[in-house]
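Whatever order the structure lists them in is the order used to number ligands and atoms, beginning at 1. One-based numbering along the sequence shown.
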Amino acid sequence: MNFDFETPIPREGTASVKWDGRKGYFGSEDLLPMWVADADFAVPEAVSRAVMARAAHPVFGYTLATDSLYESLIQWMHDRHGFDVHRDWIILSPGVVPSLHAAAIAFAPSGAGVIVQPPVYFPFFSAVTETDRRLILNPLRLENGRYSIDFEHLEQCAGQGARLLMLCTPHNPVGRVWSENELRNVLDIARRHDLVILSDEIHHDLIFPGAKHIPLQWLAAGEGNIVTAVAPSKTFNIPGLGLSALIVPNPKHRLALRKAFELLHLGASNPFSLVAFEAAYREGGEWLEALLVYLTQTRDFVGQYLASHIPKIKLIQPEGTYLLWLDCRELDMNDIELKQFFIHKAKVGMNPGSVFGEGGGGFMRMNIGTSNLVVKEALERIRKAVEGGIG
Ligand SMILES: Cc1ncc(COP(=O)(O)O)c(C=O)c1O
């Protein structure tokens with residue numbers, strides 16, 4: 001089957017955050033949007049069909065998740081990740097971010113420590129601070145263009161009254177797919193300090209050739225302190241529909257999470273997200289394979305283009321996700337200048353690295369979940385702006 005990821009699909013006027021929200025976020029509409037993590041690709045046809053079929057029925061009431069929906073996730077996790085999930089372990093949640101908040105409430109009493117590893121997707125911070133928990137930072141290390149976890153410091157963090165570790169694997173924004181050894185080290189530390197791990201694996205299907213995503217819970221083989229968050233939203237480009245799943249083998253943890261969701265009155269009963277979720281997992285495999293080929297080409301193109309035309313900007317080679325982490329420190333601008341430079345001179349809308357916390361300054365996050373034609377145009381704009389100087 002052929003899938004067209006190349007022909008750009010106009011999204012202006014659909015109230016898209018990424019496109020129609022440019023003015024609000026950047027103060028300008030005159031830029032190519034390569035920021036918030038949704039992609040510009042049409043979803044698998046089976047997903048559109050399922051949503052349209054559901055829309056044909058004129059009543060949109062509260063809706064149950066069917067057995068068949070749970071089975072679709074179980075099958076996907078088995079086939080793609082070799083991870084056998086039991087039906088009882090699954091808790092549906094409207095989104096992974098609500099799950100981060102629920103985990104902070106469920107596993108760290110008010111004022112208790114939660115470890116987060118910046119630079120990281122910024123709701124990791126707010127999930128801790130907004131629920132009145134204490135943020136403990138274990139910044140990632142960057143050596144020779146590659147990020148790693150500082151295990152010595154992680155152990156010290158764990159000893160500071162931490163109850164929960166929020167792990168991002170694959171890690172947004174630095175694109176690491178943590179290796180088996182790294183994950184084993186994380187598990188060892190968590191075990192020694194009796195930490196619960198919230199493993200945000202939302203990007204687990206978006207893995208480049210050569211890397212392998214290992215579900216933390218699978219590696220831990222039955223250990224009871226891991227809560228895994230997954231979703232079809234990034235994989236199949238349906239984040240606006242809002243539905244995700246937590247995989248929670250420990251019954252005590254399920255109870256604690258259910259209480260937290262009840263406290264927040266968060267349910268998952270949207271009739272469209274439910275049918276899209278199931279259709280994507282049941283029928284989206286081939287589409288995903290084609291998407292990964294396309295994204296790999298785009299990633300490689302960006303790497304080559306930067307190396308030959310804009311050598312002052314360096315790509316941190318990503319192993320997963322469609323979010324590229326660009327090291328712009330050689331442009332020699334502070335974070336305010338860098339942001340202004342990309343908005344007003346290059347006219348490319350990316351997320352400033354500083355929003356991802358410590359270690360993010362001097363970097364930009366570029367979303368390549370779009371047509372290669374858009375990516376080329378963005379790189380050309382950036383090249384011209386860099387050649388023109390800060391001015
Ligand atoms: C690591 C990570 N977690 C969670 C989310 C968002 O999840 P949701 O839209 O399900 O709340 C994102 C989106 O970019 C992400 O990158």
query = N/O of S233 under 3.5 Å from N/O of ligand 1, yes or no?
reply = no
inquiry  = Under a 4.0 Å threshold between the charged nitrogen and the carboxylate oxygen, would R87 count as salt-bridged to E71?
reply    = no
task = Answer yes if the ring centres of F356 and F122 are under 6.0 angstrom apart, and no otherwise.
result = yes
inquiry  = Please evaluate residues W287 and F5 with respect to the criterion ring-ring contact (aromatic ring centres under 6.0 Å, His included), reporting the C-alpha separation (whole Å), side-chain torsions for both, the decisive distance (0.1 Å), and the verdict.
reply    = CA-CA 10 Å; W287 178 95; F5 300 112; 5.7 Å; yes
ask   = Is the Y305 ring parallel, tilted or perpendicular to the F301 ring (thresholds 30°, 60°)?
value = tilted
inquiry  = Suppose I only count heavy atoms of H203 and a 4.0 Å limit; which atoms of ligand 1 are within that range?
reply    = 1 (C), 15 (C), 16 (O)
key: Mutual orientation of the aromatic rings belonging to H203 and Y322 [parallel < 30°, tilted 30-60°, perpendicular > 60°]   = perpendicular
ask   = Hey, is ligand 1 close enough to K234 that some N/O pair sits below 3.5 Å?
value = yes
ask   = For ligand 1, which part of P239 has a heavy atom less than 4.0 Å away: the side chain, the backbone, both, or neither?
value = neither
note = Judged by heavy atoms only, the candidate from I238, T321, I202, L323 nearest atom 7 (O) of ligand 1 is I202
request  = Could you tell me whether ligand 1 has any atom less than 4.0 Å away from a heavy atom of C168?
outcome  = yes
Nitrogen or oxygen of V96 less than 3.5 angstrom from that of ligand 1 = yes
E12/K18 salt bridge by N-O under 4.0 Å criterion = no
task = Could you tell me whether ligand 1 has any atom less than 4.0 Å away from a heavy atom of H171?
result = no
task = Considering only non-hydrogen protein atoms, determine which one is nearest to atom 6 (C) of ligand 1 and report residue, atom name and distance to 0.1 Å.
result = Y121 OH, 3.3 Å
request  = Please confirm whether F124 comes within less than 3.5 Å of ligand 1 when only nitrogen or oxygen atoms on both sides are compared.
outcome  = no
task = Number the atoms of ligand 1 from 1 as they appear, then name those within less than 4.0 Å of a heavy atom of N172, with their elements.
result = 15 (C), 16 (O)
query = In ligand 1, which numbered atoms sit nearer than 4.0 Å to a non-hydrogen atom of G95?
reply = 10 (O), 11 (O)
task = Find all atoms of ligand 1 within a distance of less than 4.0 Å from any non-hydrogen atom belonging to A37, and give their numbers and elements.
result = 14 (O)
query = Could E289 and R80 be called an ion pair, given the rule that one side-chain N must be under 4.0 Å from one carboxylate O?
reply = yes
query = Are the charged groups of E155 and R192 less than 4.0 angstrom apart, N to O?
reply = yes
K384 bridged to E380 by N-O distance under 4.0 Å = no
request  = Considering only NZ, NE, NH1 and NH2 on the basic side and carboxylate oxygens on the acidic side, decide whether D38 and R11 come within less than 4.0 Å.
outcome  = yes
ask   = Starting from atom 11 (O) of ligand 1, which protein heavy atom do you reach first, and at what distance in Å?
value = V97 N, 3.0 Å
remark   = When distances are taken from atom 3 (N) of ligand 1, the protein heavy atom at minimum range is D200 OD2, 2.6 Å
